[in-house]
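Numbered from 1 within each chain, the chains take letters A, B, ... in sequence-line order.
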Number of protein chains: 2
Amino acid sequence: MTQGTQGKGATTSTLWDRTRQLAAQEILQTALRLFTQQGYDETTIAQIAREAGVSQRTLFRYFGTKEDLIGGSEEGFVTLLTETVRKQPVDAGAWEALRAAFKAALSLHTSPEQALERFRLVHHTDSLRAAYLGKRVRCQEELLPLLEARLAPSGTDRGQARAIVATAFACFDAATATWLEGNGQGDILDLYDEGLAAVRS
Amino acid sequence: MTQGTQGKGATTSTLWDRTRQLAAQEILQTALRLFTQQGYDETTIAQIAREAGVSQRTLFRYFGTKEDLIGGSEEGFVTLLTETVRKQPVDAGAWEALRAAFKAALSLHTSPEQALERFRLVHHTDSLRAAYLGKRVRCQEELLPLLEARLAPSGTDRGQARAIVATAFACFDAATATWLEGNGQGDILDLYDEGLAAVRS
DNA sequence: GCCCGGTTGGCAGCGACTGCCAAACCGCTT
DNA sequence: AAGCGGTTTGGCAGTCGCTGCCAACCGGGC
């Protein structure tokens, strides 16, 4: 699929599958527009395909599921988190590493307004929220071994490491929920710190 | 639906919708059997209906969705948790109340073996896990106001209360995951305590 | 016997998603 | 210019979960 022609140029090759990327973006924008305009459940794949000028079949070839049309591919997200954690200095604790990962994830959004809009959409649509939560736990599982290494010195076992990772994500979600409730007031990371502080009082 | 005939008898009325309950249980057992035998995704509603001796249509009338065939109705679960929290003594803190609620929830399972089997099924099926997580956050939202009351005296704001509830559930999930990994070894509540202790070290 | 509220079953239909096959397309060679 | 191989695309039919609608049914009160 993506490799076909990926010769020497480290840049985006053949100016042909740049068209492909463009098509993908076109689909994505159309989908996001319709979702915010009329809601996720009220928007059908058929409509998105029609308005984006592609067939339903190819839409499903670009994005495997309807949920993938929001939040982009899961892989990118996961690797960003894992790489960020891995890059943290060895003397940084698990909590610091996780905080850094969340910070990196938040920096993906182009603007707070866009983030707010997207968070709202995900938060208010049951199916989307469920999908997000699924991704989240897969993330946790991926991160677990990395953080186990940082935790081992202090005699923390696997179950405890899992609890720590889960707690970090839970507080992050709580922070975004609170942020959403306040219509984007304040900084998510600050809310995260406050929440975690309350937990670890 | 359920009220139709619910006269004076506080017991299960009219010996007629006892048949209904029986039918419901029949469907549930069939579904659970098939799920564990051949997997959730591989089992179709048509098959369950056929083997349970009802039409697809009535199956959907008893259980609104395929996911409802596992873990029973959400309402029952939610009310159990909220009632348990509400019943806790006023001087009990939020953490104690949540722990009591988890304990009550765990006591719903008839046997550890059955719990293990069911947890495994949910944990290993993406769609089921997503559905469970969705229920979980709805639970959290329901519980939030109750615990806010217990937390208010110590000057905890809403965002922090949310973080605390989310953390408790996260640690509970981590505990069940660890319990599952150890094939049902030990006690979930003990694992929960250990995880929470590590978090709040 | 008869009507009546509530239950059931069958059918048609929707929306997400997949497999399959033929047509279109791109870049390359002759 | 014509041909060719590999990839991409579109259309079609089919599956599965789920819903609305309507006709048939069943137990109980008049």
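Side-chain N or O atoms of T36(B) include one that pairs as donor or acceptor with a backbone N or O of L32(B) at under 3.5 Å.
Relative to the six-membered ring of F172(B), R136(B) misses at least one condition, a distance below 6.0 Å or an angle of at most 45° to the axis. In this structure, K66(B) fails the cation-pi test against F35(B), since its NZ or CZ atom is not both closer than 6.0 Å to the six-membered ring centre and inside 45 degrees of the ring normal.
Counting only residues at least two apart or in different chains, side-chain hydrogen bond (donor to acceptor under 3.5 Å, both in side chains) contacts with residues 87-101 of chain B comprise R99(B)-D193(B).
One atom, CD of E42(B), and another, C1' of dT18(C), lie 15 Å apart when rounded to the nearest Å. As a whole-Å value, the separation of F63(B) CZ from dT8(C) P is 12 Å. Between E26(B) atom CD and dT8(C) atom P the separation is 14 Å, expressed in whole Å. Atom CD1 in I45(A) sits about 17 Å away from atom P in dC14(C), given to the nearest Å. L128(B) places its CG atom 14 Å from the C1' atom of dG17(D), with the value rounded to the nearest Å. Look at CG on D68(B): it is 10 Å from P on dT19(D), rounded to the nearest Å. Straight-line distance from the CD atom of Q47(B) to the C1' atom of dC16(D): 13 Å, rounded to whole Å. Straight-line distance from the CG atom of D41(B) to the C1' atom of dC17(C): 13 Å, rounded to whole Å.
In this structure, S127(B) reaches neither bases nor backbone, as no heavy-atom distance under 4.0 Å exists between it and the strands shown.
Between R86(B) and E83(B), at least one side-chain nitrogen of the basic residue sits less than 4.0 Å from a carboxylate oxygen of the acidic one, meeting the salt-bridge criterion.
Dashed line: the shortest gap from a side-chain N or O of Y62(A) to OP1 or OP2 of dT8(D) is not under 4.0 Å.
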Next item on the list: Treat primed atoms plus P, OP1 and OP2 as sugar-phosphate and everything else as base, then score nucleotides 10-15 of chain D 5' to 3': B for base contact with protein heavy atoms under 4.0 Å, S for sugar-phosphate contact only, - for none.
Entry: BBB---
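You'll find the ring centres of F119(A) and H124(A) outside the 6.0 Å limit.
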